[in-house]
Amino acid sequence: MSPQSLWQEFPELYRHLLPDWFREPYQPEALATCADCAMCRPDETRYQVKHYQPDLKCCTFYPDLPNYLVGALLCDTRPELEAGRRRILGAIQTGVGVSPFGISAPKVRELLYAHGDSGAFGNSTALLCPYFDGEHHNCTIWAFRNAVCTTFFCKFNDGRAGHHFWAQIKAYLSYVQVLLSEVAIRALGMDLNALPENPLANNDRPVRLSAADLDGRVDAAAYQRLWAEHQGAEADFYRACYRHVQGLNRDHVAQLAGFQGERLLAAVQSAKADIDHPKLPQRLQRHPAGRLHEEGPEQIVAEGFNGLTVMPTLLWRFVTQCDGRRPTEAVVAAFEAEHGVEIDRDLIANLVQNQFLRESECD
Ligand code: SF4
Ligand code: SF4
């Protein structure tokens with residue numbers, strides 16, 4: 001896959017709002033093959049590694065959508081977005097999780113998600129996203145997905161370093177979402193201090209459930225207090241939020257984001273540098289998490305950070321020869337001399353990123 005701009009991964013609205021740095025070229029995550037889901041292949045079940053159901057994929061999650069992204073979808077009249085618009089309008093109609101901040105997961109869903117074990121994600125229909133199209137196995141609001149969905153990948157070209165990079169982008173985008181959702185609310189004349197906590201701001205909040213939450217219904221009095229004169233015109237409110245945010249520019253957002261925005265952006269840039277210029281540890285040893293599933297004369301199947309990996313048996317031998325005592329360059333030189341091959345240093349870095357190798361703990 002040829003490099004593309006990071007912009008292309010984000011909802012289009014962000015292109016004139018976020019720093020120019022996001023024009024940075026990056027290598028798309030080629031291992032996360034969503035159209036033919038990489039976590040739903042028969043191999044995954046054969047070797048009993050973590051896998052997902054094809055009709056659920058990684059969409060066993062209820063996203064919190066900021067008001068301006070909801071409004072952006074509702075303002076977009078493209079016919080191919082009709083299914084997404086319908087679902088969003090349906091969610092607004094129920095009132096559950098619907099607030100001036102945006103549309104959030106019903107609390108019962110948050111509770112279920114928080115208590116699912118490691119096999120529940122990707123396998124439980126009870127956790128399925130309401131915006132997932134079960135017939136075509138894709139997302140109906142893709143162009144307007146939130147920070148979590150924008151930055152989720154199941155596998156990474158650069159293994160752990162790639163995971164770290166996207167985690168930093170998620171932190172940055174999540175911060176921007178909270179900021180812009182509140183800026184929009186204030187611009188529409190609502191008193192932020194009179195509203196409850198922004199549900200977009202704290203994904204780890206403890207979930208306390210009222211009777212209405214438990215029953216999946218709206219407390220009419222609380223809903224009226226929340227929306228005041230906008231009750232009954234929630235969709236229009238979200239559209240107005242979008243129009244306000246759409247009218248901002250990079251400078252406005254940078255100013256609003258302030259020091260915290262700069263700090264989070266610096267973390268993204270540092271994580272990108274780790275991907276672009278990986279450093280090889282002085283001494284390497286086999287990573288205990290790298291599990292060998294099958295060994296043949298030509299190739300082996302092992303499980304690392306990215307799940308199953310098929311690699312040449314000779315390369316696996318190199319992994320097993322990294323004893324943690326000799327310097328990396330000495331191990332590589334001895335191996336190359338013994339087998340008459342050359343091992344690309346990027347390939348060794350990739351073995352580290354995929355947790356087949358790690359920095360030695362020996363002194
Ligand atoms: S990111 Fe999700 S949909 Fe895409 S390949 Fe991975 S699990 Fe499948
Ligand atoms: S919003 Fe779209 S990408 Fe995100 S969980 Fe739902 S269906 Fe999946």
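As the structure lists them, so they are numbered: ligands from 1, and atoms in each ligand from 1. Residues take their numbers from the sequence shown, with the count starting at 1.
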Protein contact to [atom] [nearest heavy atom, distance to 0.1 Å]:
| atom | result |
| --- | --- |
| atom 4 (Fe) of ligand 1 | C34 SG, 2.4 Å |
| atom 6 (Fe) of ligand 2 | C129 SG, 2.3 Å |
| atom 2 (Fe) of ligand 2 | C139 SG, 2.3 Å |
| atom 5 (S) of ligand 1 | A38 N, 3.4 Å |
| atom 8 (Fe) of ligand 1 | C37 SG, 2.3 Å |

With a 6.0 Å cut-off on the ring centroids, do [X] and [Y] count as close?
| X | Y | answer |
| --- | --- | --- |
| F10 | F22 | yes |
| W316 | F335 | no |
| F305 | H163 | yes |
| F356 | H287 | no |

Ligand 2 versus N146: contacting region, heavy-atom distance under 4.0 Å: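 Looking at N146 and ligand 2, no heavy atom falls under 4.0 Å.
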Atom CD of E12: over 12 foreign heavy atoms under 6.0 Å: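 No, not enclosed.
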From CA spacing to verdict: ring pair (Phe, Tyr, Trp, His ring centres under 6.0 Å), Y113, F61: CA-CA 7 Å; Y113 185 83; F61 168 73; 5.7 Å; yes
[X]: numbered ligand 2 atoms lying under 4.0 Å from its heavy atoms:
| X | value |
| --- | --- |
| I141 | 1 (S) |
| P63 | 1 (S) |
| C149 | 1 (S), 3 (S), 4 (Fe), 5 (S) |

With atoms numbered from 1 as shown, which atoms in ligand 1 lie under 4.0 angstrom from a non-hydrogen atom of [X]?
| X | answer |
| --- | --- |
| Y52 | 7 (S) |
| A32 | 5 (S) |
| C154 | 1 (S), 5 (S), 6 (Fe), 7 (S) |
| T33 | 5 (S) |

F156 side chain reached by L31 side chain, heavy atoms, under 4.5 Å: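 No. Closest side-chain heavy atoms not under 4.5 Å.
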Y223 and E234: side chain donor to acceptor below 3.5 Å: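 There is such a pair between these side chains.
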Short N/O/S contact of C58 with atom 2 (Fe) of ligand 1 (below 2.8 Å):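 It does; at least one qualifying atom falls short of 2.8 Å.
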For the student: nearest non-hydrogen atoms of A334 and R326, plus distance: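 That closest heavy-atom pairing would be CB-NH1, 4.2 Å.
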